Amino acid sequence: KGQLMVNQYQDERSQDIYSIIDLGRTMKMPFYGQTLLDYAINGSLALSKTIISMSDRAGLLGFSFKKSEFLPSKKDMKQFGKINETLYQLETDFSESDFEYLYQFVRKNIKHRSLLVIFTNFDSTVAMHRQLPYLKALSRFHLLLVVFFENSEISQIVDLQATDLKDIYTKTIGKSMLLQNKMMVRELSKHGIQSLLTQPENLSAEVINKYLAIKKKNMI
């Protein structure tokens, strides 16, 4: 055309983000008429919609004992429809979760470095330490965000004024359980694993905000 032409190249900025949902026993716990699994499904659906709107690629993995439901990551709106359909067809018998199987499945099927948002729950610090070797192994290849739950009913009990010995005993047990949650957050952080401790009813908003903060810092 008789004009100077310049080719401009831009790095690929889309990232692979996977919502990984624990379908195991600890996700059966009910809060306000829904199980933790219900909250995780709703939270991952809201997160997936945000991921696609940010031009990242959203994927999905549900796992339990030697079993999984998997959707490789994509960034078109058809993918959101597939995620929606898969999430609401998830079936589980709430058997014990197999994090070793999760590690093996991810290593085989998710080849590129991705953000793995793992929706799970731990009964205690002992239960968390049992799964920690597999989380640490995954974190060598991917950026992990472990999302687990604070018991909002216990938080309310702890905030109440104790009126008798029974109340004092109940508050003491409640404070101990809440302290365990904070200890788990510190332990995961010590091993370079991101975590989000949230009350079930606040899950969707908080996990989206955490994803946006990770994206802003270019941590993936």
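Note that the structure is a prediction, hence the values are computed from the model and not measured.
- A salt bridge is absent between R113 and D16; no separation between the charged side-chain nitrogens and carboxylate oxygens falls under 4.0 Å.
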Tell me, with the steps shown, if S14 and D56 meet side chain to side chain donor-acceptor pair (under 3.5 Å). CA-CA 4 Å; S14 295; D56 282 333; 4.8 Å; no
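- Interatomic distance, F119 CZ to L23 CG, rounded to the nearest 0.5 Å: 12.5 Å.
- Nearest heavy-atom pair, F65 versus S95, reported as atom, atom and distance to 0.1 Å: CB-OG, 3.7 Å.
- Atom CG of L90 sits about 6.0 Å away from atom CD1 of I21, to the nearest 0.5 Å.
- By the 4.5 Å heavy-atom criterion applied to side chains, L60 and L87 are counted as neighbours.
- When side chains are defined from C-beta on, L36 counts as touching F31, because their heavy atoms get closer than 4.5 Å.
- No side-chain heavy atom of T120 sits under 4.5 Å from any side-chain heavy atom of V147.
- S19 approaches S48 most closely through the heavy-atom pair OG-OG, 4.1 Å.
- Closest of all the heavy-atom pairs between I52 and K75 is CG2-O, 3.2 Å.
- Side-chain contact between N181 and T125 is absent, with no heavy-atom pair separated by less than 4.5 Å.
- In this structure, the separation between OG1 on T50 and NZ on K215 is 11.5 Å, given to the nearest 0.5 Å.
- Formation of a donor-acceptor pair under 3.5 Å by the S44 side chain with backbone atoms of A40 is found in this model.
- Side-chain atoms of T26 come within 3.5 Å of backbone N or O of N121 as a donor-acceptor pair.
- Ring orientation note: the planes of Y103 and F141 are tilted relative to one another, at an angle of 30° to 60°.
- Considering only heavy atoms from C-beta on, D123 stays 4.5 Å or farther from M128 through its side chain.
- Two residues are said to be in side-chain contact when any heavy atoms from C-beta on lie closer than 4.5 Å; I118 and L145 fail this criterion.
- In terms of the salt bridge (Lys or Arg N to Asp or Glu O under 4.0 Å) criterion, residue partners of E187 (sequence neighbours excluded) are, by chain and number, K190.
- A 6.0 Å sphere centred on CD of E69 holds no more than 12 heavy atoms belonging to other residues, nucleotides or ligands.
- Within the structure, side-chain hydrogen bond (donor to acceptor under 3.5 Å, both in side chains) contacts touching residues 76-92 (residues at least two apart or in different chains) are N42-Y88.
- When all heavy atoms of I193 and S139 are compared, the closest pair comes out as CG1-CB, 4.1 Å.
- Among residues two or more places apart in sequence or in another chain, the salt bridge (Lys or Arg N to Asp or Glu O under 4.0 Å) test is passed with E96 by R25.
- A distance of 11.0 Å separates CZ of F122 from CZ of F149, quoted to the nearest 0.5 Å.
- Here the closest non-hydrogen pair linking S64 and Y101 is O-CD2, 4.3 Å.
- Contact of the H112 side chain with the H142 side chain is not registered, since no non-hydrogen atoms from C-beta on lie closer than 4.5 Å.
- With hydrophobic clusters built from ILVMFWY side chains whose heavy atoms lie under 4.5 angstrom apart, F148 does not share a cluster with V126.
- Distance check, rounded to the nearest 0.5 Å: CG of L143 to CD of Q15 gives 10.0 Å.
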Begin with the C-alpha distance, continue with both residues' side-chain angles, and end with the deciding distance and a verdict on side-chain contact (heavy atoms from CB on, under 4.5 Å) for L37 and F94. CA-CA 10 Å; L37 178 58; F94 291 107; 3.9 Å; yes
Using side-chain contact (heavy atoms from CB on, under 4.5 Å), reason through E206 and Q199 one step at a time and then give a plain yes or no. CA-CA 9 Å; E206 292 194 7; Q199 295 184 354; over 6 Å; no
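- Counting only residues at least two apart or in different chains, ring pair (Phe, Tyr, Trp, His ring centres under 6.0 Å) contacts with residues 186-220 are absent.
- Under the rule for a salt bridge (Lys or Arg N to Asp or Glu O under 4.0 Å), K74 has no partner lying at least two apart in sequence or in another chain.
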Show your reasoning for whether side-chain contact (heavy atoms from CB on, under 4.5 Å) applies to V117 and V207. CA-CA 9 Å; V117 183; V207 75; 4.0 Å; yes
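- Ring centers of F70 and F105: under 6.0 Å apart, within the cut-off.
- Under a 3.5 Å cut-off, the side chain of T198 and the backbone N or O of L196 do not form any donor-acceptor pair.
- K66 pairs by the salt bridge (Lys or Arg N to Asp or Glu O under 4.0 Å) definition with D98, not counting sequence neighbours.
- Expressed to the nearest 0.5 Å, how far CD1 of I214 lies from CG of L115 amounts to 5.0 Å.
- Across all non-hydrogen atoms, the minimal contact from P200 to E150 is CD-O, 3.4 Å.
- Counting heavy atoms from C-beta on, the side chains of L102 and L61 come closer than 4.5 Å.
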